[in-house]
Amino acid sequence: MQSTLERLQALSAERAKAREAEKTAKILQMPMPVWPESVRGVPNVALRSALFGAIKRGPRRYMDRELVTSLEGYEVRYTGPRLDQSDLDVWEALLHLARRQALGNRIEASERQLLKEAGRSYGKSGREWLKSVAARLSATTVEIQHDHQNYGGSLVDEFYRDDIAGCYVIELNPRLQLLFAHEDWTQVEWEQRQKLKRQPLAQWLHGFYSTHARPFPLKVKTLHQLSGSEAKQLYHFRAELRDALACLEEATGWTHEIDTNDLVHVGKIPTPSQARYLSKPKQPKK
DNA sequence: CCGCAGTAAGGCATCTCTCG
DNA sequence: CGAGAGATGCCTTACTGCGG
């Protein structure tokens with residue numbers, strides 16, 4: 001026999017669940033945020049984790065529902081071959097193309113257009129590469145938990161070449177909308193990212209620090225794990241990190257320092273929107 | 001542990017050629 | 001001219017070995 005209290009508790013739990021579902025439904029109906037042509041809008045979870053890692057070319061390690069290192073607050077599991085910064089280029093390009101439509105809609109784009117949006121030159125090797133990225137992004141599984149919101153599925157629902165139409169057909173998962181909710185996404189300067197081409201670690205750092213208006217110091221070891229670097233020795237990674245930070249500074253003007261405690265400091269000039277955000281909570285000091 | 005130089009191997013840009 | 005195939009060669013990463 002249930003007590004009145006138990007019944008009440010069950011009822012309130014049910015209501016909470018319903019509210020959560022309602023919230024999710026609401027988010028799914030919101031339009032995709034719009035960002036200017038010069039940036040790429042990317043969910044923070046993709047930039048604050050090793051999901052798209054700073055890994056070297058060559059054979060990719062296969063992951064099976066493995067927990068991906070990420071900043072606190074995100075839980076990410078991934079199944080499939082490791083994703084790299086080039087895969088991120090394409091995913092960003094797809095989101096970019098989709099941003100003016102409601103997610104879930106079909107995108108049709110030529111090989112040429114996709115390669116251009118991803119910052120690649122058009123040629124035999126580029127087209128072959130695009131095929132392999134399409135296979136990776138559509139055939140792998142990501143599970144993301146953040147803020148009571150769950151996302152599960154592939155990064156791209158459909159991604160195939162329609163030989164008759166002579167173009168690619170892409171269908172994004174409508175639930176991707178959840179990853180853009182609560183302003184939990186970042187505008188990444190595309191021109192800066194392109195300057196860091198072929199330098200996975202510098203690209204990863206650029207994405208990571210783009211998500212922070214005022215970066216906080218992190219240990220070299222933490223960055224090693226967060227970036228998904230496969231360097232086996234930490235001092236090797238430290239050397240790579242130094243080079244990458246120097247490239248990053250050249251491309252963005254963000255200053256860097258590794259102090260005696262092995263803490264990495266990055267100083268940056270906040271973007272206008274980040275500056276507004278920073279000035280909000282605190283009263284201006286005088 | 002750390003820095004530097006050298007190495008291997010693969011990613012990627014680019015060039016040329018062919019075909020319609 | 002434009003699209004695509006194939007070949008070539010540069011550039012990068014991460015590892016190794018040596019000396020401090």
Asks: Is the shortest distance from a Lys or Arg side-chain nitrogen in A:Glu117 or A:Arg40 to a carboxylate oxygen in the other one below 4.0 Å?
Replies: yes
Asks: Any side-chain N or O of A:Tyr122 less than 4.0 Å from the OP1 or OP2 oxygen of B:dA13?
Replies: no
Asks: Is the closest basic N to carboxylate O distance between A:Asp89 and A:Lys197 below 4.0 Å?
Replies: no
Asks: Let's go through A:Ser70 and A:Arg48 carefully: what are the C-alpha distance in whole Å and the side-chain angles of both, what is the deciding distance for side-chain hydrogen bond (donor to acceptor under 3.5 Å, both in side chains) to 0.1 Å, and is it a yes or a no?
Replies: CA-CA 6 Å; A:Ser70 56; A:Arg48 291 181 173 175; over 6 Å; no
Asks: Check this for me, if you would: do A:Lys195 and A:Glu250 make a salt bridge, where the nitrogen-to-carboxylate-oxygen distance has to be below 4.0 angstrom?
Replies: no
Asks: Specify the separation, in whole Å, of atom CG of A:Leu234 and atom P of B:dG3.
Replies: 11 Å
Asks: Under 4.0 Å between a side-chain N/O of A:Ser86 and OP1 or OP2 of B:dC12, yes or no?
Replies: yes
Asks: Looking at A:Glu191 and A:Arg193, does any basic side-chain N land under 4.0 Å from a carboxylate oxygen?
Replies: no
Asks: Less than 4.5 Å apart, side chain to side chain, heavy atoms only: is that true for A:Met63 and A:Pro81?
Replies: no
Asks: Between atom CD in A:Glu111 and atom P in B:dC12, what is the gap in whole Å?
Replies: 16 Å
Asks: Whole angstroms only, please: what is the CG-P distance between A:Asp262 and B:dC1?
Replies: 11 Å
Asks: Measuring centre to centre across the rings, with the benzene-like ring taken for any Trp, is A:Trp254 within less than 6.0 Å of A:His206?
Replies: yes
Asks: Got a list of protein N/O to nucleotides 17-20 of chain B N/O distances below 3.5 Å?
Replies:
none

Asks: For nucleotides 6-20 of chain C, just jot down a letter per nucleotide in 5' to 3' order: B, S or -, based on protein non-hydrogen atoms under 4.0 Å.
Replies: B----SSSSSB----
Asks: What integer distance in Å separates A:Arg127:CZ from B:dG11:P?
Replies: 18 Å
Asks: Is it true that A:Arg238 and A:Asp243 have a side-chain N and a carboxylate O under 4.0 angstrom from each other?
Replies: no
Asks: Please state how far atom CG in A:Leu130 lies from atom C1' in B:dC12, giving the value in whole angstrom units.
Replies: 14 Å
Asks: Given atom CZ of A:Arg242 and atom C1' of B:dC4, what is their separation to the nearest angstrom?
Replies: 12 Å
Asks: How long is the line joining NZ of A:Lys221 and P of B:dC1, in whole Å?
Replies: 11 Å
Asks: Checking contacts here: which listed nucleotide (C:dA3, B:dC2, C:dG4) is nearest the side-chain heavy atoms of A:Arg112?
Replies: C:dA3
Asks: Just the rounded figure in Å: distance from C1' of B:dG11 to CG of A:Leu115.
Replies: 14 Å
Asks: State whether A:Arg161 and A:Glu111 are salt-bridged, where the test is any N-O pair (Lys NZ or Arg NE/NH1/NH2 against Asp/Glu carboxylate O) under 4.0 Å.
Replies: yes
